[in-house]
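Note that the structure is predicted; figures quoted are calculated from it, not measured. Values reported hereafter were calculated over all heavy atoms of this structure, with side chains retained and with hydrogens, waters and symmetry mates removed. Here is the naming used below: chain letters follow the sequence lines, and residue numbers restart at 1 for every chain.
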Amino acid sequence: MAGRRQYPFDLIEPKWQQRWDELEAFRAWNPGVTIPPAHPFAVRHQAPAETLPKYYILDMFPYPSGAGLHVGHPEGYTATDILARYKRACGLHVLHPMGWDAFGLPAEQYAIKTGQHPRKTTETNVATFKRQIKSLGFSYDWSRELDTTDPHYFKWTQWIFLKLYNSWFNPATNKAEPIEKLPLPPELAEGNSPDMEARRRGYRDARRLAYVSEAPVWWCEQLGTVLANEEVVDGKSEVGGFPVTRKPMRQWMLRITAYAERLLQDLDSIEWSDSLKEMQRNWIGRSEGAEVDFQVAGHAEKIRVFTTRPDTLFGATYMVLAPEHRLVDIITGPAQKAAVQEYKTAVAKKSDLERTELAKEKTGVPTGAFAINPVTGQQIAIWIADYVLISYGTGAIMAVPGHDTRDYEFATRFHLPVLQVVEPPAGIPWQGFVDDGLAVNSSNAEISLSGLATPEAKRLISEWLAKKGLGKKTTNYKLRDWLFSRQRYWGEPFPIIWKTGLSGVPYHEALPESALPVMPPVLDDYKPTSDGQPPLARAKDWVNLPDGSTRETNSMPQWAGSCWYYLRYLDAQNAEAFCRPAAERYWMGTAKVEGQTTPGVDLYVGGTEHAVLHLLYARFWHKVLFDLGLVSTAEPFFKLVNQGLILGEDGQKMSKSRGNVINPDVILADYGADALRLYEMFMGPLEMTKPWSTKGVEGVYRFLGRVWRIFVDEQSETDYEQNCTANPEAASRFLAQIALSASIQATPATPAQLKALHACIKKVTEDLDGMRFNTAISALMVFINEAIGWPTKPAVVLREFLVLLQPFSPHLAEELWDKLKAVDGRADAGSMAYAVWPKFDPARLVEDTLEIPVQVNGKLRDVLRVPAAITPAELEAAAKASEKVKPYLAGKTIRKVIVVPRKLVSIAAA
RNA sequence: GCCCGCGUGGCGGAAUUGGCAGACGCGCUAGAUUCAGGUUCUAGUAGGUAACACUGUACAGGUUCAAGUCCUGUCGCGGGCACCA
């Protein structure tokens with residue numbers, strides 16, 4: 001490291017971290033809990049904790065990887081810690097917890113390689129993360145620490161799964177309801193035969209929020225597991241970037257699509273960034289349109305299509321089915337059978353990556369069949385092509401090549417007819433015009449759209465189709481149901497068993513709550529079995545139950561634990577419930593508390609990588625729990641902020657291969673936690689991507705050194721090289737012998753000193769409210785730059801400054817706060833954890849003179865120093881009288897003079 | 001291709017939302033302290049000029065007494081979505 005140590009942070013920081021631990025200084029108190037009278041919380045607040053307004057501030061909990069903390073972690077954690085400390089100082093009851101999202105692939109892959117149990121790896125990694133996080137002095141309530149792999153935790157993850165399993169979505173009420181209350185159709189209502197029982201069971205199973213499906217799913221050979229849509233990026237696995245293929249498998253699904261509309265609508269009720277909301281909107285992918293039925297000529301079959309442009313129906317000149325469409329084999333003519341089969345096979349062999357990457361040129365083959373356009377009566381060819389996806393809409397489209405880019409490309413390639421049915425604004429060619437215009441060439445004997453603007457044409461044709469029974473208005477979503485099972489060992493087992501029903505058909509049943517937690521079996525080998533079964537299937541004793549039923553061998557995805565951890569923090573130790581209602585209502589802000597306005601988590605900070613995975617899944621679970629009356633808010637996270645990425649010093653993304661990774665442990669050892677915290681906040685706005693600079697750390701470190709030297713007598717810091725780090729007593733003796741500077745006195749502050757202080761209070765307070773940490777720190781620096789020149793420094797002023805510094809660099813602030821006792825004798829200075837935030841007094845900032853810039857024709861010509869009480873007329877006169885201004889007015893006529901009181905004078909002259 | 005966001009000194013970034021562009025920090029220059037290096041302290045630091053003038057917030061226009069900020073177009077960078085009918 002460069003330079004001498006600025007101050008003994010290596011003694012100060014462990015001392016205060018230990019003190020906070022001993023005091024349990026940052027514990028948050030649930031309703032009904034008695035607070036020890038000596039606790040600083042009780043000392044500050046006379047009222048019971050549950051009558052104070054709460055502030056729930058949450059970090060995205062980390063996956064404890066083997067690599068340890070990287071510098072991105074402390075960025076978000078410092079931001080939330082500063083706010084947690086600030087809100088505590090402002091008198092709010094702050095909940096600020098931390099835990100571990102510890103199920104996941106790396107621990108399992110390490111187990112496959114070494115045979116070491118993932119539990120062991122996880123424990124080691126958690127210990128490392130905890131040590132690192134603690135060394136940064138964050139004010140977490142560690143009594144609420146949780147770990148998703150702890151049976152006391154995942155018992156309740158399994159319990160919530162049972163809630164999903166035992167619920168269905170009632171479209172009439174738009175809510176999840178218990179499955180027992182699902183109305184049965186009349187034909188199933190009666191009869192107790194085994195057959196009727198099985199049919200009733202089938203009816204219910206098809207409607208549960210957690211259900212089993214045989215549909216094609218993403219399979220990743222390298223990872224040996226299936227993946228959710230959200231985990232597949234550009235045809236590759238999000239983790240590892242391995243190829244994935246489509247494969248029909250029996251899997252557990254969660255019916256998130258039932259919540260598509262609410263997940264979309266409720267975005268309007270929460271304070272997230274526009275870009276993040278937009279990402280969720282895109283993912284949900286709502287589009288309004290119509291379904292239209294096309295009769296297949298010479299067949300009984302109809303083809304149903306979804307279109308967002310029913311107004312272009314007159315321009316539909318052919319149709320396309322997805323190659324996987326049910327009707328393809330039925331309608332294909334004998335002459336086309338071979339070609340169609342060949343095309344289907346070719347498409348099936350393509351991975352999704354190839355299907356999109358090689359999509360430069362459209363492909364397809366005709367089926368030989370024709371459909372009848374319901375408005376023109378024309379026969380139009382039916383093709384199959386892989387640009388139509390089986391998974392969206394109905395898997396079939398009406399092609400309007402005149403006004404759809406993809407259809408236009410296809411029609412051009414295969415010489416299919418192109419008709420104009422929309423008139424663009426003047427000057428734009430109609431071919432391939434896809435925006436709104438005026439309908440043309442769109443009339444038949446019964447209906448005419450011609451001349452109508454696109455929205456009206458859509459409305460009219462939809463009504464007409466509905467009246468004729470040919471179609472109806474409908475809404476489609478891109479969102480698919482959530483594939484919820486994985487072929488992995490290191491995840492929550494499902495609380496599900498399988499039984500054999502009539503004629504050998506297997507069916508599933510939930511285990512009772514009393515069977516929770518379902519523990520995973522002990523295994524020697526964590527690989528999937530050779531026949532592609534999940535590793536849990538290897539444990540025969542575990543799988544096979546005495547009554548002949550067998551356990552579900554899939555496990556839950558990593559997202560399961562993070563879907564509800566923010567609720568477990570509210571009542572983390574509770575063995576009887578996932579969360580007690582009183583605690584839930586208090587911390588989620590729905591209990592009646594004076595001054596409480598925010599529903600849900602007040603502030604959630606984390607990376608943008610969870611924009612559509614964790615944040616969508618958690619909202620979904622929360623809404624189900626809300627419907628079932630288990631939580632009291634419709635949304636979990638009221639305000640959400642994404643921290644920006646920290647790049648390497650070379651401006652590139654940090655990576656081992658580039659060799660530009662900054663290890664926070666090294667920074668910590670060289671400059672201390674306070675400097676690291678301060679630097680990460682000083683780099684720039686929290687949400688921005690910004691490069692690391694170790695020189696920048698030195699800068700804020702020097703600032704902390706200046707703060708230290710304002711307070712202490714430099715002559716008394718005798719021996720910096722003395723090593724007391726390993727010996728707390730020696731450290732404490734050493735720190736105690738460092739005397740306060742003689743310039744600090746219990747004297748009243750001068751007006752100039754109060755002005756500097758209150759300017760700082762104002763700026764820091766406003767900037768913290770707006771989460772502008774970088775400019776708040778610059779205000780602290782401005783204050784110190786000024787105060788360092790004061791011959792005598794009043795203790796009252798410095799105490800208030802320390803309260804402002806404390807959220808940012810709490811260790812140094814505590815040490816100096818403690819030392820100030822020697823001058824002002826204030827004995828209440830044991831810990832700053834609940835020190836009261838100073839109030840800014842505008843009276844202290846009143847200026848008696850102002851500097852007023854004077855412009856002539858927009859150019860600055862003078863700056864006048866004038867009394868603050870000056871009238872606009874006097875100000876104008878003073879401006880015109882200025883010797884610096886006069887030459888620019890000479891020989892010109894003043895056309896206009898603008899006087900902005902207390903701001904500026906602008907003269908226009910010609 | 002479509003949808004967001006952003007372009008300010010050598011660098012990270014400020015600018016009360018239309019009112020003195022460059023706060024604060026890094027770096028750099030000079031001086032003091034020191035045997036010396038480091039540290040610390042003091043002064044300076046957008047370009048330009050001997051000093052003024054003048055020029056400057058990606059580029060080109062526009063609105064205004066006044067534009068980094070508002071409007072139109074262009075270019076560049078970052079992120080998201082990507083055959084979603």
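- Taking a pair as Watson-Crick or G-U wobble with both distances under 3.5 Å, the runs of three or more consecutive pairs in RNA chain B are B:1-7 with B:75-81, B:10-12 with B:24-26, B:27-32 with B:40-45, B:58-62 with B:70-74.
- Here A/K896 reaches the OP1 or OP2 of B/C65: one of its side-chain N or O atoms lies under 4.0 Å away.
- Counting non-hydrogen atoms of neighbouring residues, nucleotides and ligands closer than 6.0 angstrom, the CG atom of A/D435 exceeds 12 such neighbours.
- Judged by distance alone, the side chains of A/Q431 and A/Y408 never bring a donor and an acceptor atom under 3.5 Å apart.
- A sub-4.0 Å separation between OP1 or OP2 of B/G12 and a side-chain N or O of A/K690 is absent.
- Atom name C1', nucleotides B/U57 and B/A67: the rounded distance is 10 Å, in whole Å.
- For a distance-only test at 3.5 Å, the side chain of A/S906 qualifies as a donor-acceptor partner of the base of B/C65.
- B/U55 and B/G7: their P atoms are spaced 25 Å apart (whole Å).
- An anti orientation is assigned to B/G38, its glycosidic angle lying beyond 90° of 0.
- In this model, the phosphate group of B/A66 is not approached by any side-chain N or O of A/N857 to a distance below 4.0 Å at OP1 or OP2.
- Looking at A/K362, its side chain comes within 3.5 Å of the base of B/C83 through a donor and an acceptor atom.
- For an aromatic pair to be called close, the ring centres must be under 6.0 Å apart, and A/F801 with A/F783 satisfies this.
- Using C1' as the reference atom, B/A46 and B/G13 are 15 Å apart when rounded to the nearest Å.
- Between A/N785 and B/G25 there is a side-chain N or O to OP1 or OP2 distance below 4.0 Å.
- Aromatic ring pairs are classed by plane angle as parallel below 30°, tilted from 30° to 60° and perpendicular above 60°; the pair A/Y7 and A/F9 is perpendicular.
- Between A/Y318 and A/F414, a ring centre-to-centre spacing not shorter than 6.0 Å is recorded.
- Rounding to whole angstrom units, CG of residue A/L904 and P of B/A67 are separated by 12 Å.
- A gap of 9 Å separates the P atoms of B/G27 and B/U39, to the nearest Å.
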